[in-house]
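Model, not experiment: these values are computed from the prediction. Below, chains carry the letters A, B, ... as their sequence lines are ordered, and counting in each starts from 1.
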There are 2 protein chains.
Amino acid sequence: MEQDRNINLGEIVRQGRVALRLTLRELSAMSGVSSSHLGRIERGERFPSGSVLRKIASPLGFEEDEIFTLAGYLSPHPSGIGEGHPHYGGRELDPFAARMLAQEPIEVQRAVIGILSILKSIATSMTKGSR
Amino acid sequence: MEQDRNINLGEIVRQGRVALRLTLRELSAMSGVSSSHLGRIERGERFPSGSVLRKIASPLGFEEDEIFTLAGYLSPHPSGIGEGHPHYGGRELDPFAARMLAQEPIEVQRAVIGILSILKSIATSMTKGSR
DNA sequence: ATTGACATTTGCCATTTGGCGAATTATAAT
DNA sequence: ATTATAATTCGCCAAATGGCAAATGTCAAT
């Protein structure tokens, strides 16, 4: 099913581990992933899921996105150079609205977006005149 | 084993999809993920693997690392070089809320903030008055 | 109400992932 | 060489993922 996975990832992991002079069991203890699983990953019998990848990243000295990219979960460094204001999706975010919304906890922010989508559906049904 | 996965990811995906007025089958056709699986993901019955996440990112208008972060596969400040999210005022702006809101025209964004402040004043008057 | 055309959900199954414990294979140390 | 000990691999299992097809739900137009 998955075809873009890097088949060399196992070798990369193994090289990273031996470079740090860690045994499978030691890496297992540091990462919380079983040593047998790590061994199978290294020799390509298994492919690590995102959560396993996340667990082994730091013990091996990888940045998270770095190892995700190596694994083929992320495409090679798409992150552009920073510009002044990020362009979330399509349009631009009004700085005032952003500042106001940012003062709320995440749940409230999400709830506000939920309310917005409800209002939008009401609005469209009004203009269509149905019901 | 998985503990840091975002329980709200399904809702985020659903909101993203309906915001684009896509059906499950359409998103399935665009992403190559079966519609039944997408449906289960949206209502939290399944959690998308990294490869599924990657497939649905672009059709939903997410950056890859953005949706990986929302899912909990990457930790919040992923690895950008220089570019951090701006800290509007006190707290942090939820990326999903930001991109949803950014799709609206400025007036609508302001109106949403207006509604938010109304809700907040109602909340304060409730806690002051009763109880 | 009935039909038809959809969208969504459910049942079921194959595949994959990942852990535990038992082999098996190095690696030393007598 | 023969142990003792550590490291890796193998066998088997439970749980999760994801697809397909059938069932169910929704809704507009007769």
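Residue-level contact check: B:T23 touches the backbone only, with heavy atoms under 4.0 Å from sugar-phosphate atoms and none from bases. No engagement by B:E42 is indicated, since no non-hydrogen atom pair under 4.0 Å with the nucleic acid exists. Using a 4.0 Å heavy-atom cutoff across all strands shown, A:R21 reaches no nucleic acid atom at all. The residue B:G32 sits close only to the backbone: its heavy atoms come under 4.0 Å of sugar-phosphate atoms, none of a base.
Side-chain N/O atoms of A:R46 include none lying less than 4.0 angstrom from OP1 or OP2 on D:dT9. At the phosphate of D:dA16, neither OP1 nor OP2 sits under 4.0 Å from any side-chain N or O atom of B:R5. Between B:R25 and the phosphate of C:dA5, there is no side-chain N or O to OP1/OP2 separation shorter than 4.0 Å. Between C:dT10 and B:R43, a contact under 4.0 Å exists linking OP1 or OP2 to a side-chain N or O.
For B:R40 against C:dG11, a side-chain N or O and a base N or O form a donor-acceptor pair under 3.5 Å.
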Dump the intermediate steps for salt bridge (Lys or Arg N to Asp or Glu O under 4.0 Å) on B:E66 and B:R99, then the final yes or no. CA-CA 11 Å; B:E66 190 183 1; B:R99 65 184 307 281; 3.6 Å; yes
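A salt bridge is defined here as a Lys NZ or Arg NE, NH1 or NH2 lying under 4.0 Å from an Asp or Glu carboxylate O, and B:R21 with B:E26 fails to meet this definition.
Along DNA chain D, the nucleotide closest to A:V18 and the one closest to B:S35 are compared, and the more 5′ of them pairs with A:V18.
Comparing C:dA7, D:dG18, C:dT9 by their nearest atom to the side chain of B:H37 picks out D:dG18. Nearest to the side-chain atoms of B:S36 among the listed nucleotides D:dT17, C:dG19, D:dG19 stands D:dG19.
Side chain to side chain, A:S117 and B:Q15 fail the donor-acceptor criterion of an N or O pair below 3.5 Å.
Atom CG in B:L24 sits roughly 17 Å away from atom P in D:dG25 (whole-Å rounding).
Without hydrogens or angle criteria, A:R5 side chain to A:G72 main chain gives no donor-acceptor distance under 3.5 Å.
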